[in-house]
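To start, the structure under review is shown below, and the notes come after it.
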Amino acid sequence: MAVYTEVTDEELNDFIGSYDVGRLLSFKGIAEGVENSNFLVHTDKASYILTLYEKRVNPDDLPYFLNLLQHLAAKGLSCPTPVPSRDGELLGTLAGRPAALVTFLDGMWVKRPKVDHCAELGRAMAELHLDGADYDGFRKNALDVSGWRPLFDQCGERSDTVHPGLGAEIASELDHVEKVWPRDLPGGVIHADLFPDNVFFLGNELSGLIDFYFACNDAFAYDIAICLNAWCFEQDMSFNVTKAKALLKGYAAVRPLSEAEYNALPTLCRGAALRFLLTRLYDWLSVPEGALVTPKDPLEYLKKLRFHQSISSTQAYGLER
Ligand SMILES: Nc1ncnc2c1ncn2[C@@H]1O[C@H](COP(=O)(O)OP(=O)(O)OP(=O)(O)O)[C@@H](O)[C@H]1O
Ligand SMILES: N[C@@H](CCO)C(=O)O
């Protein structure tokens with residue numbers, strides 16, 4: 001992960017002192033994640049997560065994220081709850097970065113998800129979609145189909161240094177998805193980054209969802225597509241239909257999918273694979289000097305994209321309704 005921004009003991013003591021969370025005992029940078037700087041904070045009252053928001057988080061979006069977490073927690077969804085400061089503020093500033101303190105969630109993420117984990121994830125994602133229905137905030141997806149070409153333009157010819165011909169392959173895929181991208185699908189609040197490392201389990205039971213900093217308003221089935229890519233491919237990049245069926249069944253048991261949503265899945269999966277290929281490619285080409293971060297492999301998502309390019313219908317996935 002990222003510790004992009006170091007925090008001194010004095011800065012932290014002052015910051016924690018502005019919250020009614022007890023006396024600071026210890027804090028340390030967390031070695032997972034690539035987007036923000038996260039620290040585990042122990043006080044004599046409880047454990048917390050301190051997040052300093054980095055480059056990909058627009059500070060203007062933070063009220064949407066933090067109020068959403070409060071809204072979802074109030075609905076009973078297990079997610080981090082922002083801790084208000086003594087002045088009642090959810091958002092502060094620390095070491096020059098926007099910063100928030102959230103509750104610590106018990107559980108561990110699963111490095112090799114099994115079929116049952118996929119079913120649990122599908123169910124929890126559908127509950128999230130339903131719980132967000134009456135959330136009064138709105139945030140356009142900054143990384144929807146309209147955001148991919150500008151991101152690719154920032155990578156430019158350097159793309160081919162990561163893989164020969166990658167630039168041309170991305171340009172051609174962009175032309176395709178921009179033409180056929182489905183509109184008017186059922187939508188609302190989505191997580192948009194529900195990878196295994198953002199889903200906690202205690203034993204085989206899902207215990208919580210974290211990292212809502214790509215949450216936005218978009219098509220529900222696009223969130224499903226992101227999860228099919230993140231949960232249903234094996235290490236050898238083969239697509240596991242059993243896991244995909246379990247994920248969709250778990251989801252549909254809570255929120256049934258429409259015909260249009262099912263039929264859009266192949267295109268949505270291509271777009272979702274392209275989105276993470278592009279953000280990983282951008283990060284791969286622009287790791288800040290000295291940042292403690294391990295960028296994720298863009299080519300993993302090039303392989304997933306190529307798989308979806310070979311698929312023409314949900315039946316080909318073996319996904320019947
Ligand atoms: N509320 C929480 N409770 C417990 N652990 C947490 C919590 N929030 C974050 N973590 C820990 O910090 C790690 C990084 O958090 P997070 O995924 O939010 O960071 P990120 O930089 O946004 O990462 P990503 O690359 O997944 O976007 C998580 O994998 C988890 O180990
Ligand atoms: N979950 C993303 C990183 C955070 O956006 C990925 O694996 O590319």
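Residues take their numbers from the sequence shown, with the count starting at 1. In listed order, ligands and their atoms are each counted from 1. These figures come from a predicted structure and were not determined experimentally.
Within the 4.0 Å heavy-atom criterion, neither part of Tyr213 lies near ligand 1. No part of Leu40 comes within 4.0 Å of ligand 1, judged by heavy-atom distances. Looking at Asp197 against ligand 1, both its backbone and its side chain come within 4.0 Å, counting heavy atoms. Of the heavy atoms in Asn36, both backbone and side-chain atoms come closer than 4.0 Å to ligand 1.
No side-chain N or O of His191 forms a donor-acceptor pair with one of Asp223 less than 3.5 Å apart. Side chain to side chain, Asn229 and His308 meet the donor-acceptor criterion of an N or O pair below 3.5 Å. Side-chain contact check for Thr51 and Asn38: at least one donor-acceptor pair (N or O, by modelled atom type) lies under 3.5 Å. Side-chain contact of Asn36 with Glu54: a donor-acceptor pair under 3.5 Å is absent, judged by distance alone. The closest side-chain donor-acceptor pair between Asn217 and Tyr64 falls under 3.5 angstrom. For Asp193 and Asn198, the side-chain atoms include at least one donor-acceptor pair closer than 3.5 Å.
Using 4.0 Å as the threshold, Asp193 has a heavy atom nearer than that to some atom of ligand 2. For the pair Phe214 and ligand 1, no heavy-atom separation below 4.0 Å is found. Distances shorter than 4.0 angstrom occur between a heavy atom of Phe214 and an atom of ligand 2.
Using a 4.0 Å cut-off to heavy atoms of Asp211, the atoms of ligand 1 that qualify are 16 (P), 17 (O), 18 (O), 20 (P), 22 (O), 23 (O), 24 (P), 26 (O), 27 (O). Less than 4.0 angstrom separates some heavy atom of Asp193 from each of these atoms of ligand 1: 27 (O). Atoms of ligand 1 lying under 4.0 Å from any heavy atom of Asn198, numbered from 1 in the order shown and given with element: 17 (O), 26 (O). Close approach of ligand 1 to Glu35 (heavy-atom distance below 4.0 Å) involves ligand atoms 20 (P), 21 (O), 22 (O), 25 (O), 27 (O). Near Pro80, meaning under 4.0 Å from one of its heavy atoms, ligand 1 places the atoms 1 (N). Listed by number with element, the atoms of ligand 2 under 4.0 angstrom from any heavy atom of Phe195 are 1 (N), 6 (C), 7 (O).
Ligand 2 has an N or O atom lying under 3.5 Å from an N or O atom of Arg280, backbone or side chain. Any N or O atom pair closer than 3.5 Å counts here, and Thr103 shares at least one such pair with ligand 1. Some N or O of Leu105 is nearer than 3.5 Å to an N or O of ligand 1, by distance alone. Polar contact with ligand 2: present for Glu35 (N/O pair, distance under 3.5 Å). Considering backbone and side-chain N/O atoms, Lys296 comes within less than 3.5 Å of an N/O atom of ligand 2.
Of the candidates Tyr48, Phe195, Phe200, the one placing a heavy atom closest to atom 5 (N) of ligand 1 is Phe200.
Of all non-hydrogen atoms in Ser238 and Asp236, the two that sit nearest each other are OG-OD1, 2.6 Å.
Follow the hydrophobic side-chain contacts under 4.5 Å out from Leu206 and you reach Ile226 in the same cluster.
For the pair Arg97 (side chain) and Tyr53 (backbone), a donor-acceptor distance under 3.5 Å is present.
For the side chain to side chain contact (heavy atoms under 4.5 Å, CB included) with Arg255, the qualifying choice from Met125, Glu127, Glu261, Arg123 is Glu261, the only one to do so.
Ionic pairing of Asp175 and Lys179 is not present here: no N-O contact between side-chain nitrogen and carboxylate oxygen is shorter than 4.0 angstrom.
Within a 6.0 Å sphere centred on NZ of Lys249, other residues, nucleotides and ligands contribute 12 heavy atoms or fewer.
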